[in-house]
Amino acid sequence: MDDRDAPPGVRAYRRIAQERLDQQRQGHGLPLAGLRRAAMSSANPMATGGRDARTIVKEQPRDVSAMVILVVAALLVPIDLPPLAIFEVPVVVWAVGAALVLFSESWKVRDKFLGIGAPLLGYSVGGVLIGGLRVGIEAGMQAFVEQFFDVSGTMFMIGTGVGVVWLAYRLLDVS
């Protein structure tokens, strides 16, 4: 049925629905519109302008592989692998993923640094805070260093998860 043949009320409501859909695509007036589009991507392709996880993998395979490499780096943390020269294997894998993210054209510079900086922030700041809380003030430096290295790997994994989720969100939200 053509829009010209529809009754006036139907045409008016179709126009209103199309205007709302256009506003949602542009994100005007809606808080966290990108997050809403990401959540609805599997249920309603119109919510993300036809973009979903499958189309992102097809359109930007290098960016998706960079995120996968970052996740692999985090998953390698609990595995006790021999170091490569002086570097731990998860650090080398993270560096490869970080380089791929930095050379990508899909993200803005701010998003790149947030995505690859979150694991480092988790490792250092999270290790200091959680390690310090677990030891207390009077235990001494040796106990603090032991606790730091006990929790910093887990904090690296959490930071990597946060960074990859941010990169994936920004990749889905690219307008």
Side-chain angles (χ1 to χ4, degrees), residues 14-127 130 151-175:
R14 283 183 184 167
R15 182 182 46 77
I16 291 169
Q18 187 62 44
E19 288 173 1
R20 286 185 182 170
L21 188 59
D22 291 342
Q23 284 179 345
Q24 285 179 348
R25 285 185 186 146
Q26 296 172 358
H28 294 300
L30 296 174
L32 300 174
L35 186 60
R36 185 172 297 153
R37 283 195 306 268
M40 292 300 295
S41 65
S42 63
N44 184 0
M46 294 300 289
T48 60
R51 291 175 56 92
D52 61 356
R54 185 178 52 233
T55 59
I56 288 175
V57 170
K58 283 181 174 179
E59 292 172 0
Q60 291 143 333
R62 285 183 295 190
D63 302 329
V64 172
S65 63
M67 292 187 298
V68 168
I69 290 171
L70 291 175
V71 169
V72 168
L75 294 175
L76 288 174
V77 168
I79 301 171
D80 190 24
L81 298 170
L84 298 172
I86 61 169
F87 301 106
E88 295 291 327
V89 174
V91 173
V92 174
V93 175
W94 173 85
V96 170
L100 287 174
V101 169
L102 286 175
F103 288 121
S104 171
E105 296 176 1
S106 298
W107 295 292
K108 296 178 182 172
V109 174
R110 176 179 153 258
D111 296 328
K112 291 177 185 182
F113 285 119
L114 284 172
I116 63 174
L120 298 177
L121 191 67
Y123 181 85
S124 57
V125 174
I130 303 299
V151 299
S152 60
T154 303
M155 298 308 293
F156 177 84
M157 294 170 67
I158 292 169
T160 300
V162 169
V164 168
V165 166
W166 177 256
L167 289 173
Y169 167 71
R170 296 305 294 169
L171 195 60
L172 183 66
D173 193 40
V174 171
S175 304

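Computed from a predicted structure; not experimentally measured.
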For a quick test of reading the model, state the closest non-hydrogen atom pair linking Q60 to S106 and the distance between them. NE2-OG, 3.4 Å

Identify the two heavy atoms, one from M157 and one from A74, that lie closest to each other, and give their separation to 0.1 Å. CG-O, 3.3 Å

Distance from T154 atom OG1 to I130 atom CD1, nearest 0.5 Å? 10.0 Å

For K112 and L102, which heavy atoms make the closest approach, and how far apart are they? NZ-O, 3.0 Å

What I'd like to find out is whether the side chain of W107 reaches to under 4.5 Å of the side chain of D63, using heavy atoms alone. yes

Evaluate the criterion side chain to side chain contact (heavy atoms under 4.5 Å, CB included) for residue pair T160 and F156; output intermediate values, then yes/no. CA-CA 6 Å; T160 300; F156 177 84; 3.7 Å; yes

CG-CE distance between L70 and M67, expressed to the nearest 0.5 angstrom: 9.0 Å

For residues W94 and L120, report the shortest heavy-atom separation together with the two atoms involved. CH2-CD1, 3.6 Å

Just verifying a value: how many Å separate L171 CG and S104 OG, rounded to the nearest 0.5 Å? 7.5 Å

Quick one: CZ on R14 to CD on Q18, what's the gap to the nearest 0.5 Å? 11.0 Å

Work out which heavy atom in A118 is nearest to a heavy atom in G159; give both atom names and the distance. CB-O, 3.3 Å

In the structure I gave you, are the side-chain heavy atoms of R170 and L167 within less than 4.5 Å of one another anywhere? no

What heavy-atom pair brings Y123 and S152 nearest, and what distance separates the two atoms? CE1-OG, 3.2 Å

Distance (rounded to the nearest 0.5 Å) between L100 CG and I69 CD1: 5.0 Å

